[in-house]
*Asks:* 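Supplied in structure tokens, the structure appears directly below.
In what follows, chains are A, B, ... by sequence order, proteins preceding strands, each numbered from 1.
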Amino acid sequence: MMSKRKVKDAHLPVGECFTELQRILRERLCHQQLPDKPVGLEAQHKNLLELLKRTAVHGESNSVLIVGPRGAGKTMLLKCVLRDLLEEKEVHKNLLQVHLNGLLQTDDRIALKEITRQLHLENVVGDKVFGSFAENLAFLLEALKKGDRSSSLPVLFILDEFDLFAHHKNQTLLYNLLDVSQSAQSPIAVVGITCRLDVLELLEKRVKSRFSHRQIHLLSSLAFEEYVERVRTQLSLPDDFPDGKFAEDWNDSIKTLCEDKSVEDVLQRHFNSSKDFRSMQMLLMLCLSRVSVAKPAIKPADLLEASRLCFADAKANMLHGLSILELCLIIAMKHLNDVYEGEPFNLQMVHNEFKKFLQRKSNSMYKFEQPVIMKAFEHLQQLELIRPADSSAAKTQREYQLMRLMVDNSQIMEAMQKYPQCPTDVKQWAMSAFG
Amino acid sequence: MTALLQHPGYEEEKLQRVADQIPCREVQAGTLLSLMGQPEQCSFPSIFIYGHRATGKSHVMNVLLKELELPHATVSCVECVSVALLFEQVLLSFFGGDSASQLPRSPSLSDFVRIYRQQCSQSAAKQTRYIVMEKAELLRDTDANLLPALLRLRELVEDNVSVILLSEIVWDKFRPNTGCFEPILLHFPDYSKGELHQVLSQDRHPSYSAEFYSSYINILLGVFYSVCRDLRELRHLAALNFSKFCEPLEEGKAKESDTHKLWKNIEPHLKKAMQTVYLREVSSLQWEQMQEMEEQETKTMRGLSAHTHVELPYYSKFLLIAAYLASYNPARTDKRFFVKHHGKIRKTNFLKKNEKTSNHLLGPKPFALDRLLAIFYSVVDSRVAPTASIFSQISSLVTLQLLSQVSHDDQLDAPKYKCAVSMDFICAISRTVNFDIVKYLYDFL
């Protein structure tokens with residue numbers, strides 16, 4: 001391989017270097033490894049850390065919501081804060097954590113069980129029967145009280161996907177947690193993480209009034225230069241990489257990559273469509289996956305290719321795989337849509353349109369029987385490229401069921417361009433303004 | 001040819017074996033493999049693979065995971081009627097039987113994640129674990145939380161696990177309301193004609209030469225390619241029609257090289273097969289039997305379609321014809337069609353029809369029982385009394401789903417119906433009673 005000469009003076013053989021490189025970068029891109037500092041979120045970090053410290057050290061109850069779009073770094077922020085919080089000795093001994101996720105704890109009974117488990121109180125609860133949810137929760141918190149005085153251990157409740165908890169019946173869990181955090185019972189901090197800005201509207205009045213209305217917003221105000229910088233840091237190797245020379249070379253190659261004009265264009269395009277971490281990581285992951293001994297650096301062309309993959313129009317891809325008959329039906333639907341301004345259509349109309357085409361100018365297609373057409377039509381429905389216009393279709397015959405086309409004209413045109421061995425008359429038919 | 005699949009961390013020999021089993025899918029397998037990385041490294045949390053039926057999604061995935069001996073669980077969402085089965089299968093294939101038995105009776109996602117974590121802490125993963133979900137579109141119909149949770153399963157269980165979803169439907173139709181963790185999207189394109197040819201040619205009959213079989217595949221593709229690109233379906237058709245193709249050879253009428261003669265012989269059969277076998281109206285066994293029968297009685301060309309063989313009583317046929325007329329003719333034209341001396345109706349007035357609203361495009365209209373009976377009396381040639389037998393025949397037509405009742409069941413005095421048969425069907429019926437239905441249809445005046 002061509003890169004063998006490069007590493008004569010290195011400490012590690014080149015294969016191992018690349019294995020190590022892949023391990024480190026993949027850990028970063030796919031495993032959500034925490035950064036040393038939450039870049040760009042310093043203020044929020046400080047704010048949240050202070051808040052939680054007050055609960056952990058002084059036993060002050062609190063509630064806070066972290067709100068931000070998906071991939072903005074909400075969980076990352078919280079994890080960073082927790083990591084820093086636990087570094088303090090007295091906190092580490094004292095603080096109890098309960099992690100709940102709206103996706104997992106789908107109702108309050110499950111959530112309560114999970115709380116019991118995470119507080120290691122299964123034995124204490126035993127076979128006790130509780131009258132109400134509040135009673136149960138109060139018992140759990142009571143159990144955490146220390147022997148001396150009335151002080152008890154602070155508990156940190158972290159509710160991921162907070163909005164989903166608002167859909168639980170009567171919002172019992174939220175009501176009780178926030179109620180405890182309001183009244184001077186046991187010290188607890190409730191931290192909710194959500195991507196819904198309107199999350200407070202979902203809360204019942206009695207729940208809302210018990211919430212502290214403290215919200216931390218993560219609305220990214222990232223500039224493009226910072227975005228590029230972030231790409232660079234994400235791909236750079238750390239200083240403690242075993243083979244210093246290799247790491248240096250790699251970091252240099254990343255730096256030149258980020259300065260390339262075409263790369264900048266691609267990144268600009270991604271930046272314009274979304275600034276979040278996750279989509280960037282996906283893009284970089286696609287680039288990184290191609291790096292190996294045989295291909296020792298990320299080239300601008302790789303980034304272009306990865307970006308093409310990210311932005312590929314899935315529906316146009318699917319249209320590409322249709323048979324000619326199915327494609328003809330789609331074109332007929334497109335014409336019907338154009339003529340009747342988006343009114344729904346049924347199979348008979350589509351077939352009629354197709355027949356008109358066959359009579360007029362087709363010499364490459366032969367006539368298909370109605371059942372064959374029907375099968376093609378049903379396949380399109382299966383692929384959800386067309387969808388019934390109303391749900392009450394049980395009683396009408398299949399050929400008269402009203403449908404809507406779920407594909408855009410431009411997608412059809414794009415697919416037509418790429419379609420292999422498309423007969424010219426079909427192509428012309430698709431291009432023509434009137435069926 | 002050098003091996004197309006190359007990746008550090010895997011044995012060359014195994015990769016070669018993989019490459020042999022996936023003709024024409026090397027590019028996709030290569031992309032997948034590079035995303036998966038070496039077994040000990042992290043892979044992306046979730047990958048969504050989409051593509052048409054029979055483009056090798058499951059096959060490539062299974063071959064890769066099996067041959068490279070990676071820890072994996074393959075779950076078909078069709079089989080998992082409840083989430084419990086899904087959880088059980090995943091736990092079973094990762095941690096063995098003990099873990100699966102720890103699941104409570106109707107497990108929630110919370111239980112699954114708890115047990116997974118617990119097991120995982122006991123036997124930590126050295127290699128990436130893969131969960132493959134086939135027919136992932138069905139996940140949308142289950143619990144709304146399941147799909148988002150699976151997509152971020154890695155975070156939830158804190159293990160090096162990667163979820164791979166396979167589906168025919170594009171990702172856009174999966175995305176939940178508030179969004180979720182976005183997977184990497186990979187497209188498996190359809191096989192091109194050449195690739196289809198290559199794949200299909202692989203299962204040739206050992207007693208015939210490769211060129212011969214490949215020319216057969218060529219002819220087959222020529223007929224079916226415009227209708228069907230589904231490899232599985234084409235394979236079925238190829239197997240079914242091959243014996244017919246070889247017939248002239250066996251009878252000594254042609255040599256293997258007489259492509260034109262062979263083509264002449266097989267083409268009509270393939271066309272017929274398109275109308276019956278492709279639509280799965282008959283089983284392959286029936287198809288073979290029909291072909292044998294045809295040879296015995298070549299002069300009677302019987303319709304192969306199953307639709308034409310419906311036997312009905314005499315009056316039922318007329319009732320059905322009347323229902324068809326009532327459904328597809330506007331009520332105002334009844335006078336013109338069914339009254340003997342309808343006076344003078346000006347043709348221009350009568351024929352002010354609007355091209356766009358042909359009833360055969362819009363579908364049948366509902367009609368009242370009275371109108372059906374009135375038309376029935378005028379089309380049937382003898383006098384019929386409105387007896388209970390006539391009414392019971394109407395209700396049996398409804399049971400046969402040739403008519404459908406549109407009004408509510410509790411409306412006893414004036415029920416409304418719709419005719420639910422196609423034009424071809426009604427023409428066949430009216431031919432048996434010597435009734436020229438086309439003359440009575442407003443659309444065909």
*Asks:* With a 4.5 angstrom heavy-atom cut-off, is it the side chain or the backbone of A:R109 that approaches chain B, or both, or neither?
*Replies:*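 For A:R109, there is no contact with chain B at all, as no heavy atom is under 4.5 Å.
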
*Asks:* B:F87 vs B:F112 aromatic rings, parallel, tilted or perpendicular, using cut-offs 30° and 60°?
*Replies:* parallel

*Asks:* Where on A:D107 is there a heavy atom nearer than 4.5 Å to chain B: the side chain, the backbone, both, or neither?
*Replies:*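 Contact with chain B involves no heavy atom of A:D107 at all.
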
*Asks:* Counting only heavy atoms closer than 4.5 Å, note whether B:P189 contacts chain A via side chain, backbone, both or neither.
*Replies:*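 Neither the backbone nor the side chain of B:P189 comes within 4.5 Å of chain A.
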
*Asks:* So what's closer than 4.5 Å to chain B heavy atoms on A:Q22: side chain, backbone, both or neither?
*Replies:* both

*Asks:* Please classify the contact of B:E155 with chain A as side chain, backbone, both or neither, using a heavy-atom distance under 4.5 Å.
*Replies:* side chain

*Asks:* Answer with side chain, backbone, both or neither: which region of B:S108 has an atom nearer than 4.5 Å to a non-hydrogen atom of chain A?
*Replies:*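 Contact with chain A involves the side chain of B:S108 alone.
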
*Asks:* Examine whether an atom of A:M406 lies under 4.5 Å from a heavy atom of chain B, and if so say whether it belongs to the side chain, the backbone or both; otherwise answer neither.
*Replies:*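 For A:M406, the side chain is the part near chain B, not the backbone.
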
*Asks:* Of all residues at least two apart in sequence or in a different chain, which pass the ring-ring contact (aromatic ring centres under 6.0 Å, His included) check with A:H167?
*Replies:* none

*Asks:* Where does A:H99 contact chain B at under 4.5 Å (heavy atoms): side chain, backbone, both or neither?
*Replies:* neither

*Asks:* Using non-hydrogen atoms and a 4.5 Å limit, figure out which bit of B:N145 sits close to chain A: side chain, backbone, both or neither.
*Replies:*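 Interface part for B:N145: both.
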
*Asks:* Looking at A:I386, A:L402, A:I373, which hits side-chain contact (heavy atoms from CB on, under 4.5 Å) with A:L347?
*Replies:*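 Of A:I386, A:L402, A:I373, side-chain contact (heavy atoms from CB on, under 4.5 Å) with A:L347 is met by A:I373 alone.
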
*Asks:* Let me know if A:L383 has heavy atoms under 4.5 Å from chain B in its side chain, its backbone, both or neither.
*Replies:* both

*Asks:* At a heavy-atom separation under 4.5 Å, does A:E114 approach chain B through its side chain, its backbone, both, or neither?
*Replies:*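 Side chain of A:E114 only, per the 4.5 Å heavy-atom cut-off to chain B.
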
*Asks:* So which part of A:E399 gets closer than 4.5 Å to some heavy atom of chain B, the side chain, the backbone, both or neither?
*Replies:* side chain

*Asks:* Using side chain to side chain donor-acceptor pair (under 3.5 Å), reason through A:S323 and A:E326 one step at a time and then give a plain yes or no.
*Replies:* CA-CA 5 Å; A:S323 67; A:E326 284 156 350; 3.2 Å; yes

*Asks:* Using heavy-atom distances under 4.5 Å, tell me whether B:H52 contacts chain A through its side chain, its backbone, both, or neither.
*Replies:* both

*Asks:* Among B:E168, B:E40, B:H187, which has the most heavy-atom pairs under 4.5 Å with chain A?
*Replies:* B:H187

*Asks:* Pick one of side chain, backbone, both or neither for B:L156, based on which atoms fall under 4.5 Å of a heavy atom in chain A.
*Replies:*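 The answer is the side chain of B:L156.
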
*Asks:* Which of the residues A:L322, A:L288, A:N352 is involved in the greatest number of heavy-atom pairs with chain B at under 4.5 angstrom?
*Replies:*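 When all of A:L322, A:L288, A:N352 are compared, A:L322 has the most.
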
*Asks:* Could you look at B:D159 and say if it's the side chain, the backbone, both or neither that has a heavy atom under 4.5 Å from chain A?
*Replies:* backbone

*Asks:* Taking the cut-offs as 6.0 angstrom to the six-membered ring centre and 45 degrees off its axis, would you call A:R278 and B:F181 a cation-pi pair?
*Replies:* no

*Asks:* Which atoms of B:Q38 come close to chain A, meaning under 4.5 Å heavy atom to heavy atom: side chain ones, backbone ones, both, or neither?
*Replies:* side chain

*Asks:* Look up atom CD1 in A:I115 and atom CD1 in A:I110, then write down how far apart they are to the nearest 0.5 Å.
*Replies:*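 The CD1 atom of A:I115 sits 12.0 Å away from the CD1 atom of A:I110.
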
*Asks:* Hey, which of A:E161, A:M349, A:E27, A:R196 has the most heavy atom pairs under 4.5 Å with chain B?
*Replies:*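 Most heavy-atom pairs within the cutoff with chain B belong to A:M349.
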
*Asks:* Can you confirm whether the side chains of B:S422 and B:D424 place a donor and an acceptor under 3.5 Å from each other?
*Replies:* no

*Asks:* Please rank A:H31, A:M318, A:R23, A:M285 by heavy-atom pairs under 4.5 Å with chain B and give me the top one.
*Replies:*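 Among the listed options, the one with the most contacts to chain B is A:M318.
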
*Asks:* Can a donor-acceptor pair be found between the side chains of B:H360 and B:D443 at a distance below 3.5 Å?
*Replies:* yes

*Asks:* When only pairs under 4.5 Å are counted, which of A:R290, A:K315, A:Q105 shares the most heavy-atom pairs with chain B?
*Replies:*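 Ranked by contacts with chain B, first place is A:K315.
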
*Asks:* Taking all atoms of both residues into account, what is the closest heavy-atom pair of A:L100 and A:F165, and its distance?
*Replies:*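 Closest pair (atom of A:L100, atom of A:F165, distance): CB-CZ, 3.8 Å.
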
*Asks:* Got a sec, which residues hit salt bridge (charged side-chain N to carboxylate O under 4.0 Å, His left out) with A:R26, two or more places apart in sequence or on another chain?
*Replies:* none

*Asks:* Measuring from B:S43:OG to B:M36:CE, what's the distance to the nearest 0.5 Å?
*Replies:* 7.0 Å

*Asks:* Does B:R154 reach the main-chain N or O of A:C30 with its side chain, forming a donor-acceptor pair under 3.5 Å?
*Replies:* yes

*Asks:* Given that the side chain runs from C-beta out, which part of A:S279 has a heavy atom under 4.5 Å from chain B: side chain, backbone, both or neither?
*Replies:* neither

*Asks:* Under 4.5 Å from any heavy atom of chain B, what part of A:L164 do you find: side chain, backbone, both or neither?
*Replies:*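 Side chain only.
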
*Asks:* Would you mind checking which part of A:N101 comes under 4.5 Å of any heavy atom in chain B, side chain (CB onward), backbone (N, CA, C, O), both or neither?
*Replies:*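 Answer is side chain: those atoms of A:N101 sit under 4.5 Å from chain B.
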
